[in-house]
Amino acid sequence: EVQLVESGGGLVQAGGSLRLSCAASGFTFDEYALGWFRQAPGKEREGVSSIHSTGGRTNYADSTKGRFTISRDNAKNTVYLQMNSLKPEDTAVYYCAAGRTMLLHTTTGWYYWGQGAQVTVSS
């Protein structure tokens, strides 16, 4: 079956960095765009970043642009999110997703989802 498994979350101080990984299996990885979404308690899920199947094009939410970097290694079936200069408002559960879209304002077209990884940023 399709699996997306996030890792690398944890607790970090404001200004620090974390690198999330998402290992995928059960589908043709290099034919799908990959994305990262996040959801804080009581809030809607929001798109963070996405990357084309080839890795040649990326999208970022305005709130993360310049601080976060998405990348993928198709040989390893893995997508990454490098998060620098973290802020308390980045605290959320982060989900990776695979789909046929790169849009971040909707979950439509994102077909497969991981279970999520907690990221907590303290002041």
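Because its NZ or CZ atom is both nearer than 6.0 Å to the ring centre of Phe29 and within 45° of the ring axis, Arg72 counts as a cation-pi partner of that residue.
In this structure, the side chains of Thr107 and Trp113 come closer than 4.5 Å at one or more pairs of heavy atoms. Taking the side chain as every heavy atom from C-beta outward, Ile51 and Tyr80 never approach each other to under 4.5 Å. Here the side chains of Phe37 and Val48 are not in contact, with every heavy-atom distance at 4.5 Å or above. With a 4.5 Å cut-off on side-chain heavy atoms, Gln118 and Leu11 do not count as touching. By the 4.5 Å heavy-atom criterion applied to side chains, Ser49 and Leu81 are counted as neighbours. In this structure, the side chains of Tyr112 and Cys96 stay at 4.5 Å or more apart for every pair of heavy atoms.
Ring geometry for Tyr32 against Phe27 counts as perpendicular: the plane angle is over 60°, on a 0 to 90° scale with 30° as the lower cut.
Here the closest heavy-atom approach between residue Gln39 and residue Lys43 is recorded as NE2-O, 3.1 Å. Across Trp36 and Leu20, no two heavy atoms sit closer than the pair CH2-CB, 3.7 Å. Nearest heavy-atom pair across Ala14 and Pro88 is CB-CD, 4.1 Å. Leu18 and Val12 make their closest contact through CD1-CG1, 4.0 Å (heavy atoms, listed as atom of the first residue, atom of the second, distance). When all heavy atoms of Leu4 and Ala24 are compared, the pair lying nearest together is CD2-CB, 3.3 Å.
The closest donor-acceptor contact from the side chain of Thr91 to the backbone of Val121 lies under 3.5 Å. Counting only distance, with no hydrogens or angles, the side chain of Thr54 and the backbone of Gly56 share a donor-acceptor pair below 3.5 Å. Between the side chain of Asn59 and the main chain of Met102, a donor-acceptor pair closer than 3.5 Å is present.
Ser17 and Asn84 share a side-chain donor-acceptor pair at under 3.5 Å.
No continuous path of ILVMFWY side-chain contacts below 4.5 Å connects Leu34 to Val5, so the two sit in separate hydrophobic clusters. No path of Ile, Leu, Val, Met, Phe, Trp and Tyr side chains, each step under 4.5 Å between heavy atoms, connects Met83 with Tyr95, placing them in separate hydrophobic clusters.
Within a 6.0 Å sphere centred on CD of Gln115, other residues, nucleotides and ligands contribute 12 heavy atoms or fewer.
Under the side chain to side chain donor-acceptor pair (under 3.5 Å) criterion, no residue pair touches residues 6-15, with sequence neighbours excluded. Applying the salt bridge (Lys or Arg N to Asp or Glu O under 4.0 Å) test to every pair with at least one member in residues 76-100, sequence neighbours left out, gives these pairs: Arg38-Asp90, Arg67-Asp90.
Checked against a 6.0 Å centroid threshold, the rings of Phe68 and Tyr60 do not count as neighbours.
Of the inter-residue distances, the one linking Arg19 atom CZ with Thr69 atom OG1 reads 9.0 Å to the nearest 0.5 angstrom. For the atom pair OG1 (Thr106) and CZ (Arg45), the distance works out to 12.0 Å, reported to the nearest 0.5 Å.
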